[in-house]
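Right, one structure below, let's go through it.
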Amino acid sequence: MSTVVLIGTQWGDEGKGKVTDFLAERADMIVRYQGGNNAGHTVVVDDQVYKLHLIPSGILYQNKMCVIGSGVVIDPAVLINELKSLEARGIDTANLKISQRAHVIFPYHQRLDQAEEKSKGNNKIGTTCRGIGPAYMDKAARVGIRMIDLIDQDEFAPLLERNVANANRVLTRVYDNENVDYNTVLESYRGYAEILRKYVDDISVIVNKAINEGKSILCEGAQGTLLDLDHGTYPYVTSSHPTAGAACLGAGIGPAKIDRVIGVAKAYTTRVGEGPFPTELKDETGAYIQERGGEIGTTTGRPRRCGWFDGVMGRYAVRINGLHCLAVTKLDVLSGLEKVKICTSYNYRGDILDEFPASLKVLNECVPVYEEFSGWREDITSAKKLEDLPVNARRYLDRVSELAGAPIALIGVGSKRSQTILTAEL
Ligand code: GDP
Ligand code: IMO
Ligand code: MG
């Protein structure tokens, strides 16, 4: 492994945490490059379950440098809780570095997120209400507060005072909401600054130095391609860029430094929150997948909507991210279904669409064109190599790979580290 970017190819929750954890064994450094604590990455090691929101999934190994990059928005209270709970479980967090340039989430961001969602009524996005969108809005509006500002005792208070005043104007006048108290926020965030100060650094210097020394870097994406602000199902997206290009920005490295891009895809599709989902199953098969896959949101506890694998989306993700290969997870969940289906294209008013449309109006009217496959009954959770999989499961994977246009390098057959089949060198 050299410098590898790992991204989600669907609407998030593809199993990026598990695959990152699996690949992190060979990496020297793991970098989270965008998103915030809207992410929930579950890693299962032996009988221990870890749910990570901000800290890279590589933290579970000793002696791996873990970096939170400049593209991430950080809720310091959540980060400190995550650090404390890992430490309480015997995980060493001394190797964490946080970008000076990462933006900070404040309580008024969460309040604004909730108020905006409420005001949208039936058109709500179904955000995680963690303040992610409003924090990125401040960043783009050039009024955000970065980690370097948070830990600066002189700079911080006036910036916060200005932002609280602005946020309060919107909260009270636009949303008929209550004020956020400046002094309470100032006091608590000064406390957070003292705890986090020792981790804050110039991460671009650190990451580039590691690359120049020949170290292996693994960039861990959050969310998924179809939640990307540019390339996702806008406006039902997140406010950052989960796609591979953002790894350069968030890690502070040039595009030529990236050697490989891996896309994580579930063997089916899920989505949390609102927005179009052409292959969604609102029947007993959807319920079967939801139940067997334990498809409940890691961050918000909301049930995930489930549907068939979408080859149009797979192809789109390969193109947008320049994927070298796919990691297909949760194949074990499909065991026991008599028939399994893959969407190969969309039928829009009689026309066949092979490419993912930008218009939600079109997407909402798209009817998936399916290929049907015979399923497999076998429990595959102990499979160690490709040959251990039933022939129907292999046939299914071959078609997924063919439709997406990328080889499959890794297959997940269970949530544990050991339940992973490597089919190509990564
Ligand atoms: P992420 O956000 O992409 O990291 O994914 P999540 O952690 O939110 O959701 C994926 C869920 O599937 C987690 O509960 C994982 O433990 C679990 N998981 C990952 N890979 C597999 C797999 O191959 N099989 C099964 N059964 N579960 C898996
Ligand atoms: P991981 O990294 C799944 C979804 C929300 C909502 C939309 C916008 O675990 O894959 P936001 O709070 O970001 O403004 O919400 O994006 N969403 C996710 N869905 N997995 C995630 O992260 C998500 N992060 C955000 O449900 O639809
Ligand atoms: Mg998740």
Side-chain angles (χ1 to χ4, degrees), residues 8-10 13-15 18-19 22 224-225 262-270 277-281 283-293 295 306-319 323-347 352-356 367-416 418-426:
T9 61
Q10 296 158 326
D13 303 326
E14 297 89 349
K18 183 210 155 164
V19 179
F22 180 82
T225 302
I262 303 172
V264 186
K266 266 179 192 158
Y268 47 93
T269 313
T270 64
F277 181 172
T279 63
E280 183 170 13
L281 291 164
D283 57 8
E284 66 276 11
T285 308
Y288 178 86
I289 294 174
Q290 210 245 333
E291 160 84 31
R292 271 184 64 88
E295 296 298 352
C306 297
W308 295 120
F309 184 85
D310 187 334
V312 182
M313 266 173 58
R315 206 153 49 233
Y316 185 66
V318 168
R319 169 158 58 83
L323 296 183
H324 290 90
C325 59
L326 291 172
V328 178
T329 61
K330 303 192 95 161
L331 186 65
D332 53 299
V333 174
L334 297 182
S335 290
L337 288 169
E338 204 172 311
K339 298 278 176 205
V340 280
K341 292 185 188 180
I342 300 180
C343 165
T344 56
S345 59
Y346 299 147
N347 185 329
I352 295 300
L353 305 186
D354 289 318
E355 303 297 347
F356 202 80
V367 179
V369 178
Y370 286 117
E371 266 177 27
E372 195 176 83
F373 295 77
S374 296
W376 57 95
R377 297 211 157 275
E378 296 86 336
D379 175 356
I380 59 170
T381 54
S382 312
K384 297 284 172 231
K385 49 188 191 312
L386 198 57
E387 295 71 37
D388 295 339
L389 295 176
V391 66
N392 285 349
R394 281 155 61 186
R395 219 172 261 153
Y396 179 81
L397 288 175
D398 284 346
R399 190 64 178 132
V400 164
S401 167
E402 190 177 44
L403 279 168
I408 295 172
L410 185 150
I411 302 158
V413 292
S415 57
K416 294 187 179 156
S418 55
Q419 292 174 306
T420 310
I421 302 173
L422 211 49
T423 52
E425 238 351 277
L426 281 172

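The figures here come from the full heavy-atom set of this structure, side chains too, leaving out hydrogens, waters and symmetry mates.
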Review item, side-chain donor-acceptor pairs of residues 408-415, under 3.5 Å, at least two apart:
none

Query - Heavy-atom side-chain contact between Asp310 and Pro368 under 4.5 Å - result: no
Query raised in the report: What residues form a side chain to side chain donor-acceptor pair (under 3.5 Å) with Lys266, not counting sequence neighbours?
Result: Thr270, Glu295
Query - salt bridge (Lys or Arg N to Asp or Glu O under 4.0 Å) partners of residues 394-407, not counting sequence neighbours, each pair once - result: Glu371-Arg399, Arg399-Glu402
**Report entry** Reported CG-to-OG1 distance for the pair Asp13 and Thr269, which is rounded to 0.5 angstrom
**Finding:** 12.0 Å
Query - Interatomic distance, Phe22 atom CZ to Ser418 atom OG [nearest 0.5 angstrom] - result: 9.5 Å
**Report entry** Partners meeting salt bridge (Lys or Arg N to Asp or Glu O under 4.0 Å) with Asp388 (sequence neighbours left out)
**Finding:** Lys385
Query raised in the report: Between Ala393 and Leu331, what is the shortest heavy-atom contact and its length?
Result: CB-CD2, 4.3 Å
Query - Asn392 (side chain) donor-acceptor with Gly375 (main chain) under 3.5 angstrom - result: yes
Query raised in the report: What pair of heavy atoms forms the shortest contact from Val318 to Ala406, and how long is it?
Result: CG2-CB, 3.9 Å
**Report entry** Distance, nearest 0.5 Å, that separates CZ of Arg292 from SG of Cys306
**Finding:** 12.5 Å
Query raised in the report: Are Leu397 and Thr423 side-chain neighbours, meaning at least one heavy-atom pair lies under 4.5 Å?
Result: no
Query raised in the report: CZ/Phe309 to CD/Gln10 distance, rounded to the nearest 0.5 angstrom?
Result: 6.0 Å
Report task. Could you tell me which non-hydrogen atom of Ala383 sits nearest to which non-hydrogen atom of Leu389, and how far apart they are? Result -> CB-CD2, 3.8 Å
**Report entry** Within 6.0 Å of CD in Glu291, more than 12 heavy atoms from elsewhere
**Finding:** no
Requested in this report: State, with a plain yes or no, whether a side-chain heavy atom of His324 is found less than 4.5 Å away from one of Ile262.
Outcome: no
Requested in this report: Measure across Gly224 and Glu14 and return the closest heavy-atom pair with its distance rounded to 0.1 Å.
Outcome: CA-OE2, 3.8 Å
Report task. Kindly say whether Val333 contributes a backbone atom to a donor-acceptor pair with the side chain of Tyr268 at under 3.5 angstrom? Result -> no
Report summary line: Taken in chain and number order and not counting sequence neighbours, the residues that satisfy side chain to side chain donor-acceptor pair (under 3.5 Å) with Thr225 are Asn321
**Report entry** Minimum-distance pair of heavy atoms, taken over all atoms of Ala267 and Leu334
**Finding:** O-CD1, 3.7 Å
Report task. Grab the two heavy atoms, one from Thr279 and one from Cys343, that are nearest each other, plus how far apart they are. Result -> CG2-CB, 3.6 Å
Requested in this report: Can you measure from CD1 (Ile289) to CH2 (Trp308) and round to the nearest 0.5 angstrom?
Outcome: 5.0 Å
Requested in this report: List the steps, then state whether side-chain hydrogen bond (donor to acceptor under 3.5 Å, both in side chains) holds for Lys18 with Thr420.
Outcome: CA-CA 9 Å; Lys18 183 210 155 164; Thr420 310; 3.0 Å; yes
Query raised in the report: How would you list all residue pairs meeting side chain to side chain donor-acceptor pair (under 3.5 Å) that involve residues 331-344, not counting sequence neighbours?
Result: Ser335-Trp376
Requested in this report: Would you confirm whether Glu280, through its side chain, and Gly286, through its main-chain N or O, come within 3.5 Å as a donor-acceptor pair?
Outcome: no
**Report entry** Distance (rounded to the nearest 0.5 Å) between Tyr316 OH and Leu323 CG
**Finding:** 12.5 Å
